[in-house]
Amino acid sequence: MAEVHVIGQIMGATGFSESSLFCKWGIHTGAAWKLLSGVREGQTQVDTPQVGDMAYWSHPIDLHFATKGLQGWPRLHLQVWSQDSFGRCQLAGYGFCHVPSSPGTHQLDCPTWRPLGSWREQLARAFVGGGPQLLHGDAVYSGADRYRLHTAAGGTVHLELGLLLRHFDRYGVEC
């Protein structure tokens with residue numbers, strides 16, 4: 001079987017109005033993909049920027065996949081959360097990006113967004129915290145349902161991913 005190694009890190013995030021940010025991430029693939037080593041999901045530590053607006057995480061990602069086909073190429077799902085001084089967490093943004101399909105090192109910038117909700121929910125978010133969240137995570141990358149949502153732009157998550165491909169030539173895939 002062909003193999004894909006994804007090695008890199010979630011560098012950090014910029015452009016969020018909130019401070020004390022952390023990121024929950026997960027990798028999703030199609031049925032033809034098998035994870036040989038690594039973990040499919042994780043969470044960074046909380047970082048509160050002291051200078052500038054960049055929250056630094058430098059969270060490692062190290063995944064090794066075997067695949068029978070190209071359908072369901074890996075995509076990285078991201079949720080950025082903020083934590084207040086009382087330890088309460090609220091959603092700052094959803095985002096996703098496809099893992100690059102060419103070998104080498106890639107710098108990726110993943111824009112994020114969050115659902116707005118009604119004016120009451122926006123008011124409650126400002127004073128109490130919380131706010132609307134998606135019931136199904138598939139809406140992050142599925143355009144079918146997402147067009148009906150009222151959303152606000154979040155910030156940008158910065159990633160650095162290195163990609164190694166192995167045995168793709170044996171299965172008729174040119175890199």
Side-chain angles (χ1 to χ4, degrees), residues 6-30 33 35 38-63 72-101 106-161 163:
V6 181
I7 303 166
Q9 60 183 326
I10 302 173
M11 301 292 291
T14 56
F16 286 92
S17 58
E18 301 90 348
S19 61
S20 298
L21 299 173
F22 65 96
C23 181
K24 295 180 181 182
W25 64 273
I27 192 111
H28 298 272
T29 59
W33 293 75
L35 183 65
V39 292
R40 282 194 181 272
E41 58 188 26
Q43 179 176 315
T44 69
Q45 80 279 358
V46 177
D47 184 42
T48 305
Q50 300 298 318
V51 178
D53 74 337
M54 176 83 169
Y56 290 97
W57 297 317
S58 300
H59 184 81
I61 295 176
D62 189 356
L63 303 161
W73 190 266
R75 59 182 168 237
L76 198 59
H77 292 240
L78 304 166
Q79 293 181 14
V80 178
W81 293 77
S82 66
Q83 187 178 46
D84 67 10
S85 59
F86 300 109
R88 296 177 301 192
C89 298
Q90 71 180 7
L91 179 71
Y94 291 108
F96 86 98
C97 59
H98 289 278
V99 171
S101 57
H106 305 273
Q107 305 289 331
L108 302 174
D109 291 330
C110 181
T112 63
W113 56 272
R114 65 175 174 80
L116 276 179
S118 67
W119 68 271
R120 285 184 178 161
E121 289 171 323
Q122 292 178 43
L123 192 62
R125 174 179 160 75
F127 290 106
V128 182
Q133 298 175 24
L134 297 177
L135 292 176
H136 305 287
D138 295 350
V140 172
Y141 58 86
S142 168
D145 293 327
R146 194 172 61 188
Y147 77 92
R148 293 185 290 182
L149 294 173
H150 295 280
T151 62
T156 303
V157 177
H158 307 285
L159 302 113
E160 181 179 282
L161 297 178
L163 199 74

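These values consider heavy atoms only, across backbone and side chains, with no hydrogens, waters or symmetry-generated copies. Because the structure is predicted, anything quoted here is derived from the model rather than measured.
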Requested in this report: Work out which heavy atom in Gly155 is nearest to a heavy atom in Phe16; give both atom names and the distance.
Outcome: N-CE2, 3.2 Å
Query raised in the report: Any side-chain heavy-atom pair from Thr29 and Arg40 closer than 4.5 angstrom?
Result: yes
Report summary line: Distance col, row Ile10:CD1 vs His158:NE2, nearest 0.5 angstrom, shows 12.5 Å
Query raised in the report: What do the steps show when you test His59 against Gln9 for side-chain contact (heavy atoms from CB on, under 4.5 Å), and what is the final call?
Result: CA-CA 5 Å; His59 184 81; Gln9 60 183 326; 5.8 Å; no
Query raised in the report: Closest heavy-atom contact between Arg75 and Phe96?
Result: CD-CD1, 4.2 Å
Report task. Would you indicate whether the side-chain heavy atoms of Ile27 and Val99 approach each other to under 4.5 Å? Result -> yes
Report summary line: Taken in chain and number order and not counting sequence neighbours, the residues that satisfy side-chain contact (heavy atoms from CB on, under 4.5 Å) with Thr48 are Ser19, Ser20, Gln50
**Report entry** 4.5 Å side-chain heavy-atom contact, Pro115 and Leu91
**Finding:** yes
Query - Check: Leu76 and Ile61 side chains under 4.5 Å, non-hydrogen atoms - result: yes
Query raised in the report: With Asp53, which residues qualify under side-chain contact (heavy atoms from CB on, under 4.5 Å), at least two apart?
Result: Thr14
Report summary line: Separation between CH2 (Trp25) and CD (Glu41), nearest 0.5 Å, reads 8.0 Å
Query raised in the report: Is Leu163 close to Val6 at the side-chain level, that is, under 4.5 Å between some pair of heavy atoms?
Result: yes
**Report entry** Nearest-0.5 Å distance that lies between atom CG in Leu161 and atom CE in Met11
**Finding:** 11.0 Å
Query - Side chain Ser82, main chain Ala92, donor-acceptor under 3.5 Å - result: no
Query - For Gln45, all residues meeting side-chain hydrogen bond (donor to acceptor under 3.5 Å, both in side chains), sequence neighbours excluded - result: none
Query - For the student: nearest non-hydrogen atoms of Cys110 and Leu78, plus distance - result: SG-CD1, 3.6 Å
Query - Heavy-atom side-chain proximity of Trp81 to Gln43 below 4.5 angstrom - result: no
Query raised in the report: Where is the tightest heavy-atom contact between Pro49 and Asp47, given as atom of each residue plus distance?
Result: CD-O, 3.6 Å
Query - Pairwise distance CD(Gln79) to SG(Cys89) - rounded to 0.5 angstrom - result: 11.5 Å
Requested in this report: Of all the heavy-atom pairs spanning Gly12 and Met54, show the shortest one and how long it is.
Outcome: CA-CE, 3.9 Å
Requested in this report: Over all heavy atoms of both residues, which pair between Trp73 and Ser101 is shortest? Give the atoms and the distance, please.
Outcome: CZ2-CA, 3.5 Å
